[in-house]
There are 2 protein chains.
Amino acid sequence: MSNSKLYKGSLNTIILKLLNENDKMYGYEITQKVKELTKGELKITEGALYPALHKLEAQGLLDVEVAKVDNRLRKYYKLTENGTKETANKLEELAEYIKTMQTLVNPKLA
Amino acid sequence: MSNSKLYKGSLNTIILKLLNENDKMYGYEITQKVKELTKGELKITEGALYPALHKLEAQGLLDVEVAKVDNRLRKYYKLTENGTKETANKLEELAEYIKTMQTLVNPKLA
DNA sequence: CAAATATACATAATTTTCTTATGTATAAGT
DNA sequence: ACTTATACATAAGAAAATTATGTATATTTG
C-alpha cells in the first residue's frame with residue numbers, strides 16, 4: 001500500500017474479503033480492483049501484495065491455479081475452506097478495531 | 001499494543017488524542033486510560049509506548065515535564081502547538097482510513 | 001513481615017508488514 | 001520506436017510493533 005498513510009495489518013483483510021466476493025482473482029486484478037473501489041485513494045504495491053499472497057497460500061488459506069491468457073501468466077487465487085473461516089475472523093477483527101478506535105477517538109459517539 | 005490483533009500505525013493517533021483531551025498525562029497513565037476506555041480490549045505495551053513518546057517529543061509535538069510524586073518519577077507530556085495541529089491531521093487520517101476500509105469491506109454501506 | 005502486585009520509567013532484540021527499488025517478460029497504444 | 005499496461009517476482013531497507021529484560025519505589029495481601 002502506498003500514497004495513503006494507512007495502517008499496517010489491513011492488507012490481508014482486504015485480499016481475503018475481495019476473494020470472498022469474487023471467487024477467484026489474480027494479483028494484478030486485485031491491485032486494479034482496490035484502486036477502482038477506493039477511487040485511487042488506496043494503491044496496493046506489488047512489493048506488498050505478492051509476498052502477502054504467497055504467505056496466505058503457505059498458510060493454507062488460498063489455493064492457486066496458474067493460467068495462460070494472451071501468452072501471459074496469471075495466478076488465480078481462491079479461498080480454501082479455512083480461508084473462508086479466516087475471512088470471517090478478519091472482518092470481525094476489523095469491525096472491532098474500528099469500534100475500539102471510535103471509543104478512543106470519539107468517546108461521545110461510543 | 002497487544003492482545004488485540006490491531007493495526008500498526010494507530011498508536012500515535014491514540015496518544016495525541018488522549019493528550020488533546022486531558023491536557024497533560026504521563027506514560028503509565030496513558031496505558032491505564034486506554035485499558036479503561038476500551039474495557040481491557042486494548043493494552044498498550046510499554047515497549048511501544050515509551051519509544052513513541054520519545055519520538056513525538058523529538059518531533060516537537062510534545063513537551064515533557066518531569067515530576068516526583070510519592071518519591072517516584074513521572075514524566076508529564078503535553079501537546080505543543082504543532083502537536084495540536086498534528087492531532088487534527090491524524091484524526092482526519094483515521095476517519096478517512098475507516099471510510100476507505102468500509103468501502104472495501106462493506107461496499108453496500110459506502 | 002515477606003512476597004506479590006502495582007506504579008513508573010527505559011532499552012535491546014526480534015518480528016511483522018510495509019515501501020522502494022529492481023528485475024523479467026509480453027501486449028497494446030501513440 | 002517508445003511508452004504504458006499487463007503480470008509476475010524478490011531483495012534491501014524502514015517503520016512500528018511485540019517480547020524480553022532491567023531498575024526502582026510503593027502498596028497490598030496472605
Side-chain angles (χ1 to χ4, degrees), chain A residues 1-16 24-36 40 42-59 61-62 64-77 90 93-94 97 100-101, chain B residues 1-16 24-36 40 42-59 61-62 64-77 90 93-94 97 100-101:
Chain A
M1 290 187 277
S2 74
N3 302 329
S4 50
K5 284 158 194 153
L6 284 206
Y7 297 92
K8 299 184 177 183
S10 38
L11 179 56
N12 285 339
T13 307
I14 292 172
I15 293 172
L16 292 173
K24 69 175 188 177
M25 298 180 85
Y26 56 100
Y28 186 77
E29 188 185 6
I30 292 176
T31 67
Q32 299 309 300
K33 192 73 180 177
V34 168
K35 212 194 288 180
E36 177 204 322
L42 182 53
K43 280 165 194 152
I44 292 182
T45 62
E46 296 166 299
L49 178 66
Y50 292 116
L53 287 172
H54 300 159
K55 196 172 179 189
L56 290 170
E57 190 198 346
Q59 290 170 341
L61 303 181
L62 301 184
V64 81
E65 183 198 327
V66 178
K68 203 154 196 180
V69 179
D70 285 338
N71 203 34
R72 259 181 315 212
L73 200 71
R74 276 187 195 171
K75 292 198 173 174
Y76 281 99
Y77 291 93
K90 289 279 187 192
E93 265 174 32
L94 176 63
Y97 165 75
T100 298
M101 286 306 287
Chain B
M1 290 187 276
S2 75
N3 303 328
S4 51
K5 284 155 195 155
L6 283 209
Y7 298 90
K8 299 182 179 185
S10 38
L11 179 56
N12 283 341
T13 308
I14 293 171
I15 293 171
L16 292 174
K24 71 175 187 178
M25 297 180 84
Y26 56 99
Y28 186 77
E29 187 184 8
I30 292 176
T31 67
Q32 300 309 299
K33 193 71 179 175
V34 169
K35 212 194 286 181
E36 177 203 322
L42 182 54
K43 280 165 195 152
I44 292 182
T45 62
E46 296 165 301
L49 179 65
Y50 291 116
L53 287 171
H54 300 160
K55 196 173 178 189
L56 290 170
E57 190 198 345
Q59 290 169 341
L61 304 180
L62 302 185
V64 81
E65 183 198 326
V66 178
K68 202 155 196 177
V69 179
D70 284 339
N71 204 33
R72 258 180 317 211
L73 200 72
R74 276 187 194 170
K75 291 196 173 176
Y76 282 99
Y77 290 92
K90 289 280 188 192
E93 264 175 33
L94 176 63
Y97 165 75
T100 298
M101 285 306 287

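Lettering of chains follows the sequences in order, A, B, ..., and the numbering in each one begins at 1. Scope of the values below: all heavy atoms of this structure, side chains included, with no hydrogens, waters or symmetry mates.
Nearest nucleotide to the side chain of His54(A), out of dT10(D), dA7(D), dC9(C): dT10(D). Of all nucleotides listed (dA27(C), dT25(D), dA8(C)), dA8(C) comes nearest to the side chain of Arg74(B). Residue Lys75(B) has its side chain nearest to dC9(C) when only dT7(C), dA17(D), dC9(C) are considered.
Remark on DNA chain C: of its neighbouring residues Ala52(A) and Asp70(A), the 5'-side contact belongs to Ala52(A), judged by nearest-heavy-atom nucleotide. Comparing Arg72(A) and Glu46(A), the nucleotide of DNA chain C nearest to each residue sits closer to the 5' end for Glu46(A).
Look at CD1 on Ile44(B): it is 13 Å from P on dC9(C), rounded to the nearest Å. When the P atom of dT17(C) is taken as reference, atom CD of Gln59(A) falls 9 Å away, rounded to whole Å. For the pair Leu73(A) CG and dA27(C) P, the computed distance is 12 Å after rounding to whole Å. Going from atom CD of Glu65(B) over to atom C1' of dC9(C) covers 16 Å, rounded to whole Å. Spacing between atom CG of Leu49(A) and atom P of dT20(C) amounts to 16 Å, rounded to whole angstrom units. Atom C1' of nucleotide dT23(D) and atom OH of Tyr28(B) are separated by 16 Å, given to the nearest angstrom. As rounded to whole Å, 13 Å separates atom P of dT17(C) from atom CD1 of Ile14(A). If you take CD of Gln32(B) and C1' of dC9(C), they are 14 Å apart, rounded to a whole angstrom.
What you find for Asn12(A) and Ala52(A) is that their closest heavy atoms are OD1-CB, 4.0 Å.
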Close N/O contacts between protein and nucleotides 12-16 of chain C (under 3.5 Å):
unit_1, atom_1, unit_2, atom_2, d
dT16(C), O2, Lys8(B), NZ, 2.9

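Listed pair Tyr26(A) / dC8(D) fails the phosphate criterion, with no side-chain N or O lying under 4.0 Å from OP1 or OP2. Regarding contacts with the backbone of dT11(C), every side-chain N or O of Tyr50(B) stays at 4.0 angstrom or more from both OP1 and OP2. Within the 4.0 Å cut-off from OP1 or OP2 of dT17(C), not a single side-chain nitrogen or oxygen of Asn12(A) is found. Under 4.0 angstrom from either OP1 or OP2 of dA27(C) there lies at least one side-chain N or O belonging to Asn71(A).
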Quiz prompt | From CA spacing to verdict: side chain to side chain contact (heavy atoms under 4.5 Å, CB included), Tyr7(A), Thr13(B) | solution = CA-CA 11 Å; Tyr7(A) 297 92; Thr13(B) 308; 3.7 Å; yes
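In this structure, the side chain of Glu29(A) engages the main chain of Tyr26(A) through a donor-acceptor pair within 3.5 Å.
Glu65(A) has its side chain out of reach of Lys75(A): every pair of non-hydrogen atoms, C-beta onward, lies at least 4.5 Å apart. In this structure, Arg74(B) and Lys68(B) have side chains that are not in contact, with every pair of non-hydrogen atoms separated by 4.5 Å or more. By the 4.5 Å heavy-atom criterion applied to side chains, Ile15(A) and Ile44(A) are not counted as neighbours. The shortest distance between side-chain heavy atoms of Val64(B) and Tyr76(B) does not fall below 4.5 Å.
To the nearest 0.5 Å, atom CD of residue Glu57(B) and atom CG of residue Leu53(B) are 8.5 Å apart.
Counting any heavy atom pair closer than 4.0 Å across all strands shown, Glu29(A) reaches no nucleic acid atom.
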